[in-house]
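Down below is the structure, laid out as structure tokens.
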Protein chains: 2
Amino acid sequence: MPTTGLRPTIYDVARAAGVSRATASRVINNAPGASGPLRERVHAAVAELGYQPNSAARALASGRQRAVDVIAVTNGPDVGWLGTHPYFSRVLAGIMPVLEGVDAQLRLHVVPHGTAADAIGEIAAQATLGAVLADATPELATRFHRRCRRVVSMVPTAGSVPGMEADNVGGAYAAVAELHRLGRRRIAAVHGPAGNPCAIDRRTGCLRALDDLGLTALAGLTADGDFYREGGHAAALRLLEQDPALDAMFVACDLMAAGAVQAVTATGRRVPEDVSIIGFDDSIAAVCSNPPLTTMRLPVEEMAATATRLLLDGTPASGHRQRFPVELVTRQTTQTTQTTQN
Amino acid sequence: MPTTGLRPTIYDVARAAGVSRATASRVINNAPGASGPLRERVHAAVAELGYQPNSAARALASGRQRAVDVIAVTNGPDVGWLGTHPYFSRVLAGIMPVLEGVDAQLRLHVVPHGTAADAIGEIAAQATLGAVLADATPELATRFHRRCRRVVSMVPTAGSVPGMEADNVGGAYAAVAELHRLGRRRIAAVHGPAGNPCAIDRRTGCLRALDDLGLTALAGLTADGDFYREGGHAAALRLLEQDPALDAMFVACDLMAAGAVQAVTATGRRVPEDVSIIGFDDSIAAVCSNPPLTTMRLPVEEMAATATRLLLDGTPASGHRQRFPVELVTRQTTQTTQTTQN
DNA sequence: CTGAAAGCGCTAACAC
DNA sequence: GTGTTAGCGCTTTCAG
């Protein structure tokens, strides 16, 4: 059984260290049951030979892959939507630092909505450290959770699926309240897609604030967007036509808000002097907009990092929930003072 | 050897179909040497048992993992830069559709510059379908290529490393020429980081155009940015101070260009009436900017898709190069006509 | 505390 | 064509 191939195997390490493969394995995985002098010899052998464990063999033998799966579901046939949606990048950005140095790989799965059920089943079947569901619907999340408990969802999900929950309702409420505090009284709103859980919560918070503020009449001054810039642009134009004198807009995501800012200025109005705008997310769209967007920050990176740590720590408890605040980040679409900050 | 576990193995499939494991394997991988009736029986068994191949076992036995690795190198310790840089998302967006349905997984590696050499060695050691280097330096790319030929780089790289090459020089040249064609004569430029290969090419193209156009004197009206919005903002401010009458800017990436647009309008100038701006990339920053950016489109998605297909097709030939054009996308930072397109 | 041995589930020569 | 037989490189009982 001596190894001949170019890449050293654990067998080579064991031989070089003068121990058995079992012992070599133990020290390499720093598992208990090997000690002192032997550990050193093995480590030395590893260093000398430049040994690198074969992850496939390891996965096969142990029955578990050192990988976390990130799953995104696309709506259309267009699997490339990612390129234009900052959200997914942020979840990746949140996950990566926590995977740093823990010897776990990150696998990406973008599954078309149609085949999502099957695809999710396949992924759940491979025993990995677990999966982060970026935007799965409650049904899909539940389905995954039934097959594999090592999973956590990043969006509001049903029942027992462990999830990270941002205070979308509270954030939207706070945004409208802020607009009101600024003296705005004709507040329009651009909501997200009707069926989207996050969008529903944000809409709820917005409506509730309008109501509490005695602005109930404005509940009709709304349009539905698609969480993309184009939708925000179009919705804003529609709203402006519906009430040319509106003085503020709450827009349920930054991408749409960026489009709204473009629409508002294109009609000759000034932002924020004539109309104040507050977005949601604090994504890259917020800072690229001109003027930069005041927005409600959704701590996506933190949420994703927490989700990942949960998976790394073991199987998350069924029904586990972790709440995250959504906070106001003031930039220039709400403040008239032209300070030369950013 | 009958299997007892919950997940069916190929052994179960073989038994159910009344064939040997080898035959089952053949039809599952639709390899030659199994035919007609048997194929059907195996397929039926697969369907009935809900068999799903174990990827680890497959990888171990075949010596090759069905995975493509995407590698990004970060400059700082901050592995989360992704969240704010649209480029990486675009390479992912380009890769994913081509991996769709080919039973190959996508693995992400973000390695800090410091440990990049080691990390890259480890990745090269695992035999996968190959790696796409998103932003590796020529040295790192060469290093990887020495250990593993199944690799292609997305940025200008040294020698024999297969690579996708966008016409950065030509694109920058065309941008400046366009500004000139529009009647602009005081054209400033914001370049990228000094050592970045793409930035270098864009700078070259810009300078060459300035020269050919007889605008050599302007070669001094430049600033170096960092490929981030903040850098573009600051650079634009500096330039405006240096020459308050400048009437155009060529900015080497959209993120910086978005910052430049903000800076220009913040000083009371109008875009594009007072100063025209052309960015580079055609990333999400271009459309979120206000007004939306005219830019030179770098076909990142196409490049990434091509790179991936190359890997899927086998080992790319050493020194293989594929060129991509960089084309002008006209939006509103160069056109005064206020058509309501956006 | 250490080693021997038995697989993990699959593929790939090699015989039939 | 199809089945038999070895392993792939590692982990993990189980003895010693």
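The basis for the numbers below is simple: all heavy atoms, side chains too, and nothing from hydrogens, waters or symmetry mates. So you know, we letter chains A, B, ... as the sequences are listed, proteins then strands, and number each from 1. Everything numeric here is computed off the predicted structure, so don't read it as measured data.
- As a whole-Å value, the separation of Q65(A) CD from dC10(C) P is 13 Å.
- Atom CZ in R15(A) sits about 13 Å away from atom P in dC10(D), given to the nearest Å.
- Residues in residues 314-324 of chain B take part in these salt bridge (Lys or Arg N to Asp or Glu O under 4.0 Å) pairs, two or more places apart or across chains: E165(B)-R321(B), E165(B)-R323(B), D167(B)-R323(B).
- Take T115(A) and apply the side-chain contact (heavy atoms from CB on, under 4.5 Å) test, not counting sequence neighbours, and it matches P112(A).
- For the pair R7(B) (side chain) and A125(A) (backbone), a donor-acceptor distance under 3.5 Å is present.
- With sequence neighbours excluded, the residues satisfying side-chain hydrogen bond (donor to acceptor under 3.5 Å, both in side chains) with T315(A) are R150(A).
- Residues passing the side-chain hydrogen bond (donor to acceptor under 3.5 Å, both in side chains) test with R309(A): none are found, sequence neighbours excluded.
- In this structure E139(A) satisfies the side-chain hydrogen bond (donor to acceptor under 3.5 Å, both in side chains) test together with T137(A), sequence neighbours excluded.
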Output one line per pair: protein atom, nucleotide atom from nucleotides 12-16 of chain C, and distance, for all N/O pairs under 3.5 Å.
from: dA13(C); atom 1: N6; to: R26(B); atom 2: NH2; distance (Å): 3.4

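- Taking atom CD1 of residue I28(A) and atom C1' of nucleotide dT12(D), one finds them 15 Å apart after rounding to whole Å.
- For dG9(C), the OP1/OP2 oxygens have no side-chain nitrogen or oxygen of T9(B) closer than 4.0 Å.
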Taking distance alone, no hydrogens or angles, what donor-acceptor pairs closer than 3.5 Å link side-chain atoms of residues 25-34 of chain B to residues at least two apart or in another chain?
from: S25(B); atom 1: OG; to: N29(B); atom 2: ND2; distance (Å): 3.3
from: N29(B); atom 1: ND2; to: S25(B); atom 2: O; distance (Å): 2.7

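- Note: CZ (R64(A)) to P (dT11(D)) measures 15 Å, nearest angstrom.
- Qualifying side-chain hydrogen bond (donor to acceptor under 3.5 Å, both in side chains) partners for Q126(A), counting only residues two or more places apart in sequence or in other chains: S55(B).
- Between D12(A) atom CG and dC8(D) atom P the separation is 12 Å, expressed in whole Å.
- At dG3(D), one or more side-chain N or O atoms of T23(B) fall inside 4.0 Å of OP1 or OP2 (strictly under the cut-off).
- Contact annotation for G33(A): base contact, defined as any heavy-atom pair under 4.0 Å involving a base atom.
- Fit an axis to the five pairs at each end of the helix from dC1(C)-dG16(D) to dC16(C)-dG1(D) and the two axes sit 30° apart, to the nearest 10 degrees.
- Rounded to whole Å, atom P of dT5(D) lies 17 Å from atom CD1 of I10(B).
- Applying the side-chain contact (heavy atoms from CB on, under 4.5 Å) rule to N196(A) yields the partners P193(A), C198(A), A199(A), F227(A); only residues at least two apart in sequence or on another chain are considered.
- Atom CG in D103(B) sits roughly 13 Å away from atom P in dC10(C) (whole-Å rounding).
- Within residues 47-60 of chain A, the residues that place at least one heavy atom under 4.0 Å from DNA chain D are, in residue-number order, Y51(A), P53(A), N54(A), A57(A), R58(A).
- Atom C1' of nucleotide dC10(D) and atom CZ of R7(A) are separated by 12 Å, given to the nearest angstrom.
- Applying the salt bridge (Lys or Arg N to Asp or Glu O under 4.0 Å) definition to pairs two or more places apart or across chains, those involving residues 36-65 of chain B are R58(B)-D103(B).
- The main-chain N or O of P138(A) is found under 3.5 Å from a side-chain atom of T142(A) such that the two form a donor-acceptor pair.
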